[in-house]
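For clarity, every value in this text was computed on a predicted model and none was experimentally measured.
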Amino acid sequence: MRRKRFKSLVMLLLIGVLLFSQSGFHPDESEAASAGDLIYDVTTDKAMYDPGAKVELRIDLKNRLGRHMVDGSVEIKAKHLQEQVGNTITKALNLNNNSDLMMIADWNAPESDFTGYLIEVDVKDSAGVIVDSDTVGVDVSSTWTKFPRYGYVWDFRQNTNTMERIDKLKNYHINVLQYYDWKYRHHKPVAPNLAQWDDWSGRMIYGDTVRSYITQARAMGMSNMAYNMVYAATSGYEQDGVEQDWALYYADDNPSGKGHFSFKMADSTPTGITHLYFFNPRNPGWQNYIFGEMNKVFQSFDFDGWHGDTVGEWGKMKTSDNQTLYVKDTYTEFLNKAKQAIGDKKLVFNPVGAQGIENVNMSKVDALYAEIWPWDRDSDGLLYDTYYSLKKEIEQSRRESGGKSLVVPAYMSYDYGEQNPGSPFNTAAVMLTGATVYAAGGSRMELGDNGNMLSNEYFPAQNLYMTEELQHRISKLYDFIVAYENLLRDGQTETMNRIEFPAYASSPYGDANKIWAYSKKDSQYEIVQMINLLGVSRNDWRANDGQKETPRQISNFEMKYYYSNEVTDVWLASPDAHDGRSKPLAFTKGTDGNGNYVKITVPSLEYWNLIYMSTEDSGGETDPPVKEYLVNGDFENGEQGWTFTGTAAHGVDSNDAYEGNKYWIYGTESYTASVSQTVSGLNPGTYTVSAKVKQNTGTPSSSRMKLTGYGGDPYYVLIPHGNAYTTISHTLEVKSGSLKIAFSQTAPGNTNLQIDNVELVPID
């Protein structure tokens, strides 16, 4: 069982739409990573939910603190990125020592389609101190094809516990399954006897088990894809209506072989089937035949689509009438006709080695999928053997397909697994390849029934296993890619923005012994992906010998990011820390010969950090809210929580008129300046904003407090000129759940502004 993330249930009634929270943690939430003494697991009842659907949350509590009783509360929040959505739910908790409790709660998902959320669960004692904490991701999407999380099943024996196996995959949020080698024969997938049959290798397949998987998976929010080759037949095909005139033959100058294009699968089998024989995907006779056979599948079993496979590109072929072709050049035509033939069923296709993937990308497949091998080459002739090669293909496929997210089956430590069966995966190797794919906007195909992880293209081979640590990390990783799917693969495009780490070597190309950092952006955020390759001597993703150094973890290091649009807020999220929660980061701004930058102190980097920054062209005042109340309104923590833009000098120092600190702005030359904070997660209602201000040097052309983003027209409160602090305030009705408070000034030289004691108070 995966400690701290084979989720269980909670008591939650989060209803409606959750708003975003910009400052991150409450003071007592700061580093609420759980030791696992109370929350054993937090899970959901499905892998994916329709917009507006009921989400059943489960919190599995076990008191192992050694106390006679835990007397406190459980608090539940839903977040979209940095923003809280809806109210915090608080429930009383009384749990005797060594007692267990399953709490169940329902949350009505918002109506927004294709949106990821992170549900945060904190257990507090009677003094309000967090004693345990955990999170779970929730994907609200009407179909799996936008954010595919592919898994597989292969064990179709009689009396298989399909519910248990599907439940394990559901807890990883797997939303689509490949049914590997479920069929009777490649050219005749539906067996004469639908009760039971043998597959090509002689394994017995039970129809009731296949149907049970489909039923259980659909009930848990997963789709079901019937695996079958698109152009293959086994021996005896002539008796089943396949004509030899449709066959593919090796061209005379093809060094791969002679005669009928074929592929050896085994030396011997109980069925006598050892080879696959291939047919021309462009031939109308073959097309009509195989499309008809796949439609028989859908008539006999309630699959949701066809997962088409190949054996890759094997050079120049010829047809029975001596026409030459390359199989990869047939993909677009074949797939478009296949999609039309199967109607409303989904279509996925595997161009093995990504050979011909450009032809798949322009076709009408519903999702992209490509088995990657390190000896194949990309469109530039470069090997797919490095971390960067995976990122490059994911990005290129996204561009060529109009935004689809590539699923990457890349089998880790392949030879090591075959030579050392029963050994564990190398945790660092798996995590670095996963971070590479997900940060680039792709997805992995690695998890199967009974919680198995792939190291081989023959899915029943279970050569390597996940350690308990790796299970936990993979669990958190899948929560993370769900919660942040809208930053990872939802319209983001690459930038060439400069990123510097003064204390460490870095590279945008995934070089060994460096921080791998690159940037992306969308309409709301600029994003830095940061993967730790410090101390990692090789940049090969496969780790074929089973070896990979654990990256050297670093902390409190500086990053300079040269932005495209004005940055207003910065957050850090990582699957390696804080159970995936977003954490606000303080930053300063500057300009040098390379342009405008923000300077950030990054708290830590283990495997993968995601840093995202709100930008002014994201709407600023209409950004989703961040926190329920102001952060650092008295400036006792310096500039934390506040964002400065402009050309004036600024900072925080002691306040002569009041105890504590003040925020100051001053310029000897003419300037514009603004310091702001967006408050999010506010309940609709009436609030008063107030601040103590002083403007006693120079005469500004404009000096005011600006209130926006609350669901009404912008409101301005003028800041008067005078020698003493004065209080300005305004009461307004917040409708949108957020409020941006800004103090701005436009002034000639030798002009100042001082700000202190900013408060936001709800009016009952």
Side-chain angles (χ1 to χ4, degrees), residues 1-10 12 14 18 24 32-34 36 39-49 55-60 76-85 107 109 115-122 132-141 144 147-151 167-175 220-222 427 430-431 434-435 437-439 443-444 446-447 451 453 466 468-490 571-583 606-610 612:
M1 157 125 354
R2 299 168 358 195
R3 187 78 172 82
K4 297 297 290 206
R5 237 312 333 252
F6 256 127
K7 327 249 164 206
S8 302
L9 260 28
V10 187
L12 161 92
L14 295 174
L18 291 86
S34 168
I39 303 178
Y40 186 73
D41 218 354
V42 181
T43 55
T44 58
D45 62 324
K46 292 184 179 181
M48 187 180 74
Y49 297 87
V55 179
E56 184 178 88
L57 300 166
R58 306 166 180 172
I59 300 176
D60 189 2
I76 302 134
K77 301 172 187 172
K79 296 283 186 70
H80 173 64
L81 307 183
Q82 78 281 3
E83 306 174 345
Q84 183 166 338
V85 182
W107 170 50
T115 307
Y117 300 92
L118 190 71
I119 306 296
E120 301 179 357
V121 180
D122 295 323
D132 208 355
S133 177
D134 202 1
T135 58
V136 63
V138 173
D139 178 16
V140 178
S141 294
W144 62 270
F147 302 122
R149 295 180 297 277
Y150 234 114
D167 189 67
K168 287 183 180 181
L169 294 177
K170 175 266 296 179
N171 289 339
Y172 286 113
H173 313 291
I174 298 299
N175 58 7
M220 295 186 195
M222 305 180 199
T427 294
V430 173
M431 294 304 295
V437 171
Y438 293 121
S443 185
R444 294 281 285 118
E446 59 187 346
L447 298 176
M453 176 175 278
M466 289 191 288
E468 186 175 347
E469 178 196 1
L470 182 55
Q471 289 182 52
H472 173 71
R473 286 186 176 275
I474 290 294
S475 172
K476 285 300 177 187
L477 181 61
Y478 276 68
D479 275 337
F480 187 81
I481 66 167
V482 166
Y484 295 94
E485 60 193 14
N486 300 109
L487 290 180
L488 295 173
R489 44 180 177 162
D490 191 13
W571 293 273
L572 166 68
S574 172
D576 311 318
H578 314 299
D579 288 325
R581 295 173 175 88
S582 286
K583 185 178 180 66
E606 188 175 3
Y607 285 103
W608 173 27
N609 282 352
L610 167 66
Y612 60 105

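Side-chain N or O atoms of T135 include none that pairs as donor or acceptor with a backbone N or O of L118 at under 3.5 Å. Side-chain N or O atoms of D122 include none that pairs as donor or acceptor with a backbone N or O of S133 at under 3.5 Å.
Contacts of D490 classified as side-chain hydrogen bond (donor to acceptor under 3.5 Å, both in side chains), with partners at least two apart in sequence or in another chain: K146, N486. With sequence neighbours left out, the side-chain hydrogen bond (donor to acceptor under 3.5 Å, both in side chains) criterion links T427 to no other residue. With sequence neighbours left out, R444 forms a salt bridge (charged side-chain N to carboxylate O under 4.0 Å, His left out) with E446. For N175, there are no side-chain hydrogen bond (donor to acceptor under 3.5 Å, both in side chains) partners, not counting sequence neighbours. In this structure A435 satisfies the side chain to side chain contact (heavy atoms under 4.5 Å, CB included) test together with I531, W608, sequence neighbours excluded. Applying the ring pair (Phe, Tyr, Trp, His ring centres under 6.0 Å) criterion to Y607, with sequence neighbours excluded, gives no partner residue.
In this structure, OG1 on T44 lies 3.5 Å from OH on Y49, to the nearest 0.5 angstrom. Taken to the nearest 0.5 Å, the OH atom of Y172 stands 11.5 Å off from the CG atom of D167. How far CG of D60 is from CD1 of I39: 10.0 Å, rounded to the nearest 0.5 Å. Note that CG of L572 is 6.5 Å distant from NE2 of H578, once rounded to the nearest 0.5 Å. Here L81 contributes atom CG and L487 contributes atom CG; the two are 4.5 Å apart, rounded to the nearest 0.5 Å. For the atom pair CE of M222 and NZ of K46, the computed distance is 11.5 Å after rounding to the nearest 0.5 Å.
Nearest heavy atoms, R489 versus F147: O-CE2, 3.2 Å. Between D139 and R149, the shortest heavy-atom distance links the atoms OD2-NH2, 2.9 Å. Summarising the geometry of G580 relative to A573, their closest heavy-atom pair is O-CB, 4.2 Å, with the distance given to 0.1 Å. Minimum interatomic distance between L488 and I481 (heavy atoms only, all atoms of both residues): CD1-CA, 3.9 Å. In plain terms, the two heavy atoms of I174 and G151 that are nearest each other are CG2-N, 3.4 Å. Nearest heavy-atom pair across G221 and A47 is O-CB, 4.3 Å.
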For a side-chain contact (heavy atoms from CB on, under 4.5 Å) check, start with the C-alpha distance between L470 and M431, then their side-chain angles and the critical distance, and finish with the verdict. CA-CA 8 Å; L470 182 55; M431 294 304 295; 4.1 Å; yes
Should W107 and V138 be marked as a side-chain contact (heavy atoms from CB on, under 4.5 Å) after you check the CA-CA gap, both sets of side-chain angles, and the distance that decides it? CA-CA 11 Å; W107 170 50; V138 173; 3.8 Å; yes
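In this structure the side chain of Y478 reaches within 4.5 angstrom of the side chain of L447, judged on heavy atoms. Residues S475 and M466 are not in side-chain contact: their nearest non-hydrogen atoms beyond the backbone lie 4.5 Å or more apart. At a threshold of 4.5 Å between non-hydrogen side-chain atoms, the residues R473 and D576 count as touching. Counting heavy atoms from C-beta outward, I474 and M453 have side chains that approach closer than 4.5 Å. A 4.5 Å side-chain heavy-atom check between Y117 and V55 finds every atom pair outside the cut-off. A heavy-atom distance below 4.5 Å is found between the side chains of L477 and Y438. No side-chain heavy atom of R581 sits under 4.5 Å from any side-chain heavy atom of K79. At a threshold of 4.5 Å between non-hydrogen side-chain atoms, the residues K170 and D45 do not count as touching.
At a threshold of 4.0 Å, the pair K476-D134 counts as salt-bridged, since one of the basic side-chain nitrogens sits closer than that to a carboxylate oxygen.
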